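All values reported here derive from a predicted model rather than from experimental measurement. Remember, it's 1-based here, ligands and their atoms both numbered in the order they're listed.
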Amino acid sequence: MRKVLERFVVFEGLDGAGTTTQARLLQQTMQHAGQSVWATAEPSEGAVGRLIRAALRREQVLEADTLAYLFAADRNEHLFAREHGICERLRTSWVICDRYLFSSLAYQAVETDPGFVATLNAAFPLPAWLIYVDVDPLTCATRRAERNQQELFDSLDFQRRVHTRYNAILADFAAEQRMRIVRIDGNQPADTIAAEVCSALGFQPI
Ligand code: TYD
């Protein structure tokens, strides 16, 4: 049985769903409530994460399965790095992570064998909270167009497939009761979403 990490909160969603904004707002709420919080993201800022970002910017061309290995390697380092990894931080604080293994299961499995991606990620612990910010692919595409940054997974067709995969992944994990899944309608205003996130986690919105 997979380990579940208490006080570990993960945000997931399509590109443009607003996970980064929501992770920041939750961090502020928790800090306001006097909690110690470390906010982080995947791909991480470590050496493997930097290589992944070069691939996302299309500066480095990599095979889809190579990218799946890299995301898993980056995650391993992000989790278990001795002095500053997620597990170490969880000893003394909450950890909020913008994307985690569910992104690999959703994105990499569009272009590689889903079983292979699941195997690469099978040993990683689960978060106590998975918050899925659900926004339809077309709305996300409009938001991304405003940002004017072209990344590897930006096409609407690809994001539609990722969206379908997220739905399947959430259904697959629904039976895992130790991980609480919070699915939020991300088409609402950011502060409405933030209030829903807070109340799910038992915090008073600021
Ligand atoms: P994103 O959160 O959009 O970062 P940024 O705001 O810096 O652009 O994440 C980068 C991309 O990486 C996004 O398209 C999702 C993708 N991704 C995967 O394909 N697999 C993974 O395991 C992770 C963590 C991210």
Note the single closest protein heavy atom to [atom], along with its residue, its atom name and the distance in Å.
atom	answer
atom 22 (O) of ligand 1	Ser104 OG, 2.6 Å
atom 5 (P) of ligand 1	Arg53 NH1, 3.8 Å
atom 19 (O) of ligand 1	Gln108 NE2, 3.0 Å
atom 25 (C) of ligand 1	Phe71 CE2, 3.5 Å
atom 6 (O) of ligand 1	Thr20 OG1, 4.6 Å

| Less than 6.0 Å separating the ring centroids of Phe11 and Tyr100? | no
| query | Has ligand 1 got any nitrogen or oxygen that is less than 3.5 angstrom from a nitrogen or oxygen of Asp98? | reply |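 No; the residue has no nitrogen or oxygen that sits under 3.5 Å from a nitrogen or oxygen of the ligand.
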| said: Any protein heavy atom at under 4.0 Å, with atom 8 (O) of ligand 1 as the reference point? | reply: yes
| query | Quick one: side chain to side chain donor-acceptor pair (under 3.5 Å) partners of Glu45, sequence neighbours excluded? | reply |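 With sequence neighbours excluded, Glu45 shows a side chain to side chain donor-acceptor pair (under 3.5 Å) to no residue whatsoever.
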| query | Do Arg180 and Glu6 sit within salt-bridge range, that is, some charged N less than 4.0 Å from a carboxylate O? | reply |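 Salt bridge present between Arg180 and Glu6.
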| request: Search all heavy atoms of Cys97 against all heavy atoms of His78 and return the closest pair with its distance. | output: SG-CE1, 3.8 Å
| query | Counting heavy atoms not belonging to Glu111, are there more than 12 under 6.0 Å from its CD? | reply |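 It does: Glu111 CD has more than 12 such atoms within range.
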| Would the number of heavy atoms belonging to other residues, nucleotides or ligands and lying under 6.0 Å from OH of Tyr69 be above 12? | no
| message | Is there a side-chain hydrogen bond (donor to acceptor under 3.5 Å, both in side chains) between Asp98 and Thr20? Walk through the geometry before answering. | response | CA-CA 6 Å; Asp98 186 3; Thr20 308; 2.6 Å; yes
Atoms in ligand 1 flagged as close to [X], the criterion being non-hydrogen separation under 4.0 Å:
X	answer
Asp15	3 (O), 13 (C), 14 (O)
Glu151	8 (O)
Glu42	24 (C)
Ser103	20 (N), 21 (C), 22 (O), 23 (C), 24 (C), 25 (C)

| message | Just to be sure I read this right, does ligand 1 sit under 4.0 Å from the backbone of Leu56, its side chain, both, or neither, counting only heavy atoms? | response |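 Contact part for Leu56 vs ligand 1: side chain (C-beta onward).
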| query | Which option out of Arg75, Arg99, Arg144, Arg57 puts a heavy atom nearest to atom 1 (P) of ligand 1? | reply | Arg99
| task | Kindly state each residue pair satisfying side-chain hydrogen bond (donor to acceptor under 3.5 Å, both in side chains) with at least one member in residues 120-136, sequence neighbours excluded. | result |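 Every pair satisfying side-chain hydrogen bond (donor to acceptor under 3.5 Å, both in side chains) with a residue in residues 120-136: Arg75-Asn121, Asp134-His163, Asp134-Arg183, Asp136-Thr139.
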| request: For the pair Phe153 and Tyr107, name the ring-plane relationship: parallel under 30°, tilted 30 to 60°, perpendicular over 60°. | output: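 Tilted: the ring planes of Phe153 and Tyr107 meet at 30° to 60°.
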